[in-house]
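Heavy atoms only: backbone and side chains are in, while hydrogens, waters and symmetry mates are out.
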Amino acid sequence: GVTTYSFRSMPVHPDKLLQYCIDSNINAVELKGDEVEDYLGKPVNPVKMQPRVPGQPKQELSEEVKAQLKQYKEQVAAWRESVSMDGFTELRKKFNAAGVYIFAYKPNALAADNTDGEVTYAMRAAKALGATSVSVELPSDPAQTKRLGELAEKNKVYVGYHAHLQATETAWDTALAQSPNNTINLDCG
């Protein structure tokens with residue numbers, strides 16, 4: 001198995017991602033959300049940000065750009081809360097027909113500033129894709145892991161928390177104690 005983030009330097013349309021899996025003899029994926037959402041009609045961000053280079057200061061945004069980003073975030077939330085699950089189901093069928101199982105879905109809809117509706121959308125989409133979990137970087141705020149765990153219980157899915165360089169033997173203890181639906185998505189690469 002692999003996260004489709006592994007193919008980030010290549011064209012990332014869902015059909016291409018599926019072909020990369022077939023060509024690499026991969027039969028299980030954590031499917032990144034951006035490519036799927038773009039494919040299924042998520043609103044296009046009107047603000048084109050410069051890529052951030054590690055070590056460089058964060059780009060200062062004008063009030064006009066901040067207002068555009070706020071409006072875009074609201075449009076995306078509305079889209080997520082109303083999008084049909086049919087497109088996700090069709091993607092599942094396409095991946096499954098090729099022998100590729102989607103075990104997790106990782107959209108950018110699980111942060112503290114995402115609405116409960118967006119989080120619920122992510123969980124519904126995961127289920128439509130045939131996944132048993134959504135995945136997200138391990139939040140540092142225990143209130144967020146509690147919130148996600150509770151929503152996961154309600155929606156009958158799991159939340160798999162990634163940890164990269166911040167991983168320790170006890171990094172997941174709080175989240176795991178908060179909900180049986182909070183789990184570890186061990187990324188040890």
Exercise. In terms of side-chain geometry, is the basic nitrogen of Arg80 or Glu37 positioned less than 4.0 Å from the acidic oxygen of its partner?
Worked result: yes
Exercise. Is there a side-chain hydrogen bond (donor to acceptor under 3.5 Å, both in side chains) between Gln19 and Asp23 once you walk through the steps?
Worked result: CA-CA 6 Å; Gln19 190 61 51; Asp23 293 346; 2.8 Å; yes
For this session: Please confirm whether the backbone N or O of Asp38 pairs with a side-chain atom of Asp34, one donor and one acceptor, at under 3.5 Å?
Result: no
Seminar exercise, completed: Output for pair (Leu151 CG, Asp116 CG), nearest 0.5 Å, gives 5.0 Å
For this session: Could you tell me which non-hydrogen atom of Thr183 sits nearest to which non-hydrogen atom of Gly160, and how far apart they are?
Result: OG1-CA, 3.4 Å
For this session: Nearest 0.5 Å please: distance from the CG atom of Leu69 over to the CG atom of Asn45.
Result: 6.0 Å
Problem set entry | For Ala163 against Ala167, the heavy-atom pair lying closest together | CB-CB, 3.8 Å
Problem set entry | Main-chain N/O of Ala143 paired to Asp141 side chain as donor or acceptor, under 3.5 Å | yes
For this session: Find out whether Cys21 and Val29 are in side-chain contact, i.e. whether some heavy atom of one side chain is under 4.5 Å from a heavy atom of the other.
Result: yes
Problem set entry | Heavy atoms of other groups near Tyr101 OH, more than 12 under 6.0 Å | yes
For this session: Would you name the heavy atoms of Asn182 and Gly149 that are closest together and state the gap between them?
Result: OD1-CA, 3.3 Å
Problem set entry | Heavy-atom donor-acceptor pair, Tyr72 side chain to Pro43 backbone, under 3.5 Å | yes
Exercise. With under 30° as parallel and over 60° as perpendicular, where do the rings of Tyr20 and Phe7 fit, or are they tilted in between?
Worked result: tilted
Exercise. Can you hop from Val134 to Leu40 via hydrophobic side chains spaced under 4.5 Å?
Worked result: no
For this session: List the steps and the verdict of side chain to side chain contact (heavy atoms under 4.5 Å, CB included) for Val159 and Asn181.
Result: CA-CA 6 Å; Val159 180; Asn181 290 58; 5.9 Å; no
For this session: Report yes or no: is the cationic atom of Arg92 (NZ for Lys, CZ for Arg) under 6.0 Å from the centre of the six-membered ring of Phe95, at an angle within 45° of the ring normal?
Result: no
Exercise. Would Val157 and Thr132 satisfy side chain to side chain contact (heavy atoms under 4.5 Å, CB included), going step by step from the backbone distance to the final call?
Worked result: CA-CA 6 Å; Val157 297; Thr132 56; over 6 Å; no
For this session: Taking all heavy atoms of Ala126 and all of Ser133, pick out the closest pair and write down the distance.
Result: CB-O, 3.9 Å
Exercise. So, for Ala125 and Tyr105, which heavy atoms are closest and what is the spacing to 0.1 Å?
Worked result: CB-CE2, 3.8 Å
Problem set entry | Stepwise side chain to side chain contact (heavy atoms under 4.5 Å, CB included) check, Tyr121 with Glu81 | CA-CA 6 Å; Tyr121 141 81; Glu81 292 174 17; 5.6 Å; no
Exercise. When rounded to the nearest 0.5 angstrom, what is the spacing between CG in Asn185 and OG1 in Thr3?
Worked result: 8.0 Å
For this session: Please answer whether the main-chain N or O of Ala171 pairs with a side-chain N or O of Thr168 as donor and acceptor at a distance below 3.5 Å.
Result: yes
Exercise. Can you get from Leu148 to Leu176 by hopping between Ile, Leu, Val, Met, Phe, Trp and Tyr side chains that sit under 4.5 Å apart?
Worked result: yes
Exercise. Can a salt bridge be assigned to the pair Glu90 and Lys93 using a cut-off of 4.0 Å between side-chain N and carboxylate O?
Worked result: yes
Problem set entry | Matching residue for Ser179 among Glu153, Lys146, Arg147, Glu150 - test: side-chain hydrogen bond (donor to acceptor under 3.5 Å, both in side chains) | Glu153
Seminar exercise, completed: Rounded to the nearest 0.5 Å, the CG atom of Leu31 sits from the CG atom of Leu91 at a distance of 7.5 Å
Exercise. Would the number of heavy atoms belonging to other residues, nucleotides or ligands and lying under 6.0 Å from NZ of Lys58 be above 12?
Worked result: no
Exercise. Transitively linked via ILVMFWY side-chain contacts under 4.5 Å: Leu186 with Ile26?
Worked result: no
Exercise. Hey, are the side chains of Leu18 and Asp15 touching, using non-hydrogen atoms and a 4.5 Å cut-off?
Worked result: no
Problem set entry | Electrostatic pair Lys106-Glu137, nearest N-O below 4.0 angstrom | yes
Problem set entry | Spatial distance of atom CE (Met123) from atom NZ (Lys154) [nearest 0.5 Å] | 10.5 Å
For this session: Could you state whether Leu17 and Phe103 fall into the same hydrophobic cluster, counting links through intermediate Ile, Leu, Val, Met, Phe, Trp or Tyr residues with side-chain heavy atoms under 4.5 angstrom apart?
Result: no
For this session: Find the distance between CG (Asn114) and OG1 (Thr120) and round it off to the nearest 0.5 Å.
Result: 11.0 Å
Problem set entry | Student check: side-chain heavy atoms of Val36 and Lys32 closer than 4.5 Å | no
Problem set entry | Worked check of side-chain hydrogen bond (donor to acceptor under 3.5 Å, both in side chains) between Glu30 and Thr4 | CA-CA 6 Å; Glu30 172 194 44; Thr4 56; over 6 Å; no
Exercise. Under 3.5 Å, is there a donor-acceptor pair between the side chain of Ser6 and the main chain of Val2?
Worked result: no
Exercise. Are Ile102 and Leu110 co-members of a hydrophobic cluster defined by side-chain heavy atoms under 4.5 Å apart?
Worked result: no
For this session: List the steps and the verdict of side chain to side chain contact (heavy atoms under 4.5 Å, CB included) for Met85 and Lys127.
Result: CA-CA 9 Å; Met85 293 294 115; Lys127 289 169 76 171; over 6 Å; no
For this session: Check whether any side-chain N or O of Gln71 sits under 3.5 Å from a backbone N or O of Gln68 as a donor-acceptor pair, and report yes or no.
Result: no
Problem set entry | Expected output: side-chain Thr145 to main-chain Pro142 donor-acceptor under 3.5 Å | yes
Problem set entry | Validation row: Tyr158, Pro180 side chains within 4.5 angstrom (heavy atoms) | no
For this session: Check Leu61 against Lys66 and note the closest heavy-atom contact, atom names and distance.
Result: O-CE, 3.4 Å
